[in-house]
Amino acid sequence: MHMSRMVESASHIKNTRSLVKCAMLLAIQVVLNATVSIYVTQNIRISFGFLVVASTAAMFGPVPAMLNAAAADVIGVIIKPAGPYFPGFTLSAILGALIYGVAFYGRDIKVSTVLIAKLAVDVLVNLALNSLWLQMLYGTAFFAALPARAVKNLLQYPIDVALLFPVLLAVRRYAGARR
């Protein structure tokens, strides 16, 4: 991502209208994560908050999306803790938002882009980093927990992409119509 796009993304933080929209998206993300999350096991969760993170990233870029993702993680732990707060998961949320921001902000929404961005988040964040955080937090053997987490992400990947693509198209139409 070119540095001017990052600066443009950061400028949304100074715009009251953008800030209000980001706050509304943050609220939606917190509510989705708190109410629509399904825990398969203590370490495996199915959630749809990524739809809001990707939408925020597509509309406002990586900077507001990363801030929203971090805030949603912290607020989520306060509202509905699933364990102790661990800053590694906040870092994971920020990195996922960055990936979505780089992939979607100011770009055409294509199936190939959605496939690649979601795969990057799943592999780098969900599998690698989050498995590392779980290992550090609970002492779970990294490679022992990886197969179950990989199967969950593999099964959920096509569903997530099938949800994410039309959501991003709708967000893009909404954002384009509101300018």
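Numbering of residues begins at 1 and proceeds along the displayed sequence.
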Check: [Y] and [X] side chains under 4.5 Å, non-hydrogen atoms:
X   : Y    : answer
L91 : W133 : yes
H12 : L19  : no
M6  : L98  : yes

Would you give the length of the straight line joining atom [atom1] of [X] to atom [atom2] of [Y], rounded to the nearest 0.5 angstrom?
X    : Y    : atom1 : atom2 : answer
N126 : L95  : CG    : CG    : 10.0 Å
L25  : L51  : CG    : CG    : 11.5 Å
L132 : L127 : CG    : CG    : 12.5 Å
R173 : I109 : CZ    : CD1   : 11.0 Å
D160 : F50  : CG    : CZ    : 3.5 Å
N153 : L119 : CG    : CG    : 10.0 Å

Joint cluster assignment, [X] & [Y], ILVMFWY side-chain distance < 4.5 Å:
X    : Y    : answer
V123 : F104 : yes
V52  : V30  : no
V171 : L169 : yes
V121 : F48  : yes
L146 : L155 : no

**Report entry** With I159 via side chain to side chain contact (heavy atoms under 4.5 Å, CB included) - residues at least two apart
**Finding:**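 So I159 forms a side chain to side chain contact (heavy atoms under 4.5 Å, CB included) with L163.
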Please name the pair of heavy atoms, one in [X] and one in [Y], separated by the smallest distance, quoted to 0.1 Å.
X    : Y    : answer
A120 : I99  : CB-CG2, 4.1 Å
Q156 : S47  : NE2-O, 3.8 Å
Y105 : E8   : OH-OE2, 2.9 Å
N33  : G49  : OD1-CA, 3.3 Å
P84  : Y138 : CD-OH, 3.7 Å
L115 : Y157 : O-OH, 2.7 Å

Requested in this report: Would you mind listing the cluster partners of V20? Hydrophobic ones only (ILVMFWY), side-chain contacts under 4.5 Å, chaining allowed.
Outcome: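 Traced through the cluster, V20 reaches M24.
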Contacts table for residues 57-75: side-chain donor-acceptor under 3.5 angstrom, sequence neighbours left out:
| unit_1 | atom_1 | unit_2 | atom_2 | d |
| --- | --- | --- | --- | --- |
| N68 | ND2 | C22 | O | 2.8 |
| D73 | OD2 | T90 | N | 3.4 |
| D73 | OD2 | T90 | OG1 | 2.4 |

Ignoring hydrogens and geometry, is there a side-chain-to-backbone donor-acceptor pair from [X] to [Y] under 3.5 Å?
X    : Y    : value
Y100 : T56  : no
K80  : A34  : yes
R107 : V102 : yes
S9   : R5   : no

Requested in this report: Answer yes or no for K110 and F165: cation-pi contact, defined as NZ/CZ to six-membered ring centre under 6.0 Å and angle to ring axis within 45°.
Outcome: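 Because its charged atom misses either the 6.0 Å distance or the 45° angle limit, K110 does not stack over F165.
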Query raised in the report: So F89 and F86, would you call those rings parallel, tilted or perpendicular, with 30° and 60° as cut-offs?
Result: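 Rings of F89 and F86: perpendicular, over 60°.
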